[in-house]
Amino acid sequence: MEYDGILLGMGNPLLDISAVVDQDFLNKYEIKPNNAILAEDKHLPMYDEMAAKPTVEYIAGGATQNSIRVAQWMLPFPGATSYMGSVGKDKFGEEMKKNAQDAGVNVHYYEDETAPTGTCAVCVLDGERSLVANLSAANCYKVDHLKRPENWALVEKAKFYYIAGFFLTVSPESIQLVAEHAAANNKIFSMNLSAPFICEFFRDPQEKALPYMDFVFGNETEARTFSKVHGWETDNVEEIALKISQWPKASGTHKRITVITQGADPVVIAEDGKVKLFPVIPLPKEKLVDTNGAGDAFVGGFLSQLVQEKPIAECVRAGCYASNVIIQRSGCTYPEKPDFA
């Protein structure tokens, strides 16, 4: 099988500004623990405040980019992954490009002339992360960039696609184009619920993309929000996963599989009208550094096996392995080589 460019991701490339904060800091900026939101004006001073902290770290991030980098790390084939998104023409953009290329990902960024590269404040308290994204240039992605021959060639070459729900706020048109290509060519298209606010405030574009999704990823909070928004009147994650998997599909070639992570609780897989639970690798509290990138890493590990056509149980095992590695390190970073057997 030809693995060159087999997996394509599209999303918001962001530079993570990660620092350990206290409860007062979260209260000051009205931030809930373990959440992900878009920055409002009231949040803008926090970036400088975090940059001044002694524990601050700058890490290439953005949900989809994290997943694609992890998938590439787990794959024994160089150049198996590609990624598109928008950065600014600046130092952060250059640094991110170098970081992604060093990770073996073939990045085709759109470089915006007017806005700086997007940043994401990663506020870490007791190992739990809360994210506040200031999209800036990431918000400027245009479908015209996707349609350029050298970029559309990446779409043509790929057989698997992954896009985090966050990209619904930027370019639903680009998502639709890739989704329709996948359905027309019997390829695998997957997305992530990504955050409660996506399910609440971007319901229309999410519902438009949903029939094309062969895999839907998410965590328990996002699943419950999705259920609430759709009036399902259930908080039971297994039930919700099942209902998402049974949502009508644009193409009957592939059945839909829902994959919901629940932190330290088992991973929920819904397919063919059945639910299976897979335990995660237990980690003693003292080994937890931060949960930033845990969900992204799970998806990356999962996709690394999916593109090799391994069974779902193996995909879950790889996802659990990758997220276990990432939560023992700061941000979505990993050692030089995986030891996934």
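Numbers for residues simply follow the sequence, beginning at 1.
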Exercise for the section: Check the side chains of T234 and N236 for a donor-acceptor pair under 3.5 angstrom, ignoring hydrogens and angles. Expected result: no
Handout entry: hydrophobic_cluster_shared for I312 and V259, side chain cutoff 4.5 Å
Key = yes
Exercise for the section: For D102, check salt bridge (charged side-chain N to carboxylate O under 4.0 Å, His left out) against everything at least two apart and list the hits. Expected result: K98
Fill in the blank from the handout: When rounded to the nearest 0.5 Å, the distance separating OH of Y58 from CD1 of I17 is 5.5 Å
Exercise for the section: Would you please say whether a donor-acceptor pair under 3.5 Å links the side chains of N151 and H145? Expected result: yes
Problem - Distance-only side-chain donor-acceptor flag, D90 / T117, under 3.5 Å - result: yes
Handout entry: Nearest atoms (heavy-atom pairs only) where A36 meets F197
Key = O-CD2, 3.2 Å
Handout entry: Check: Y141 ring centroid to F167 ring centroid under 6.0 Å
Key = yes
Exercise for the section: Kindly write out the residues that satisfy salt bridge (charged side-chain N to carboxylate O under 4.0 Å, His left out) with K142, not counting sequence neighbours, or none if the list is empty. Expected result: none
Fill in the blank from the handout: salt bridge (charged side-chain N to carboxylate O under 4.0 Å, His left out) filter on E207, not counting sequence neighbours, yields R203
Practice task
Compute the centroid of each ring, for F189 and then for Y162, and state whether the two points are separated by less than 6.0 Å.
Solution key: no
Problem - Spacing of OG belonging to S67 relative to CG belonging to N192, to within rounding of 0.5 Å - result: 7.0 Å
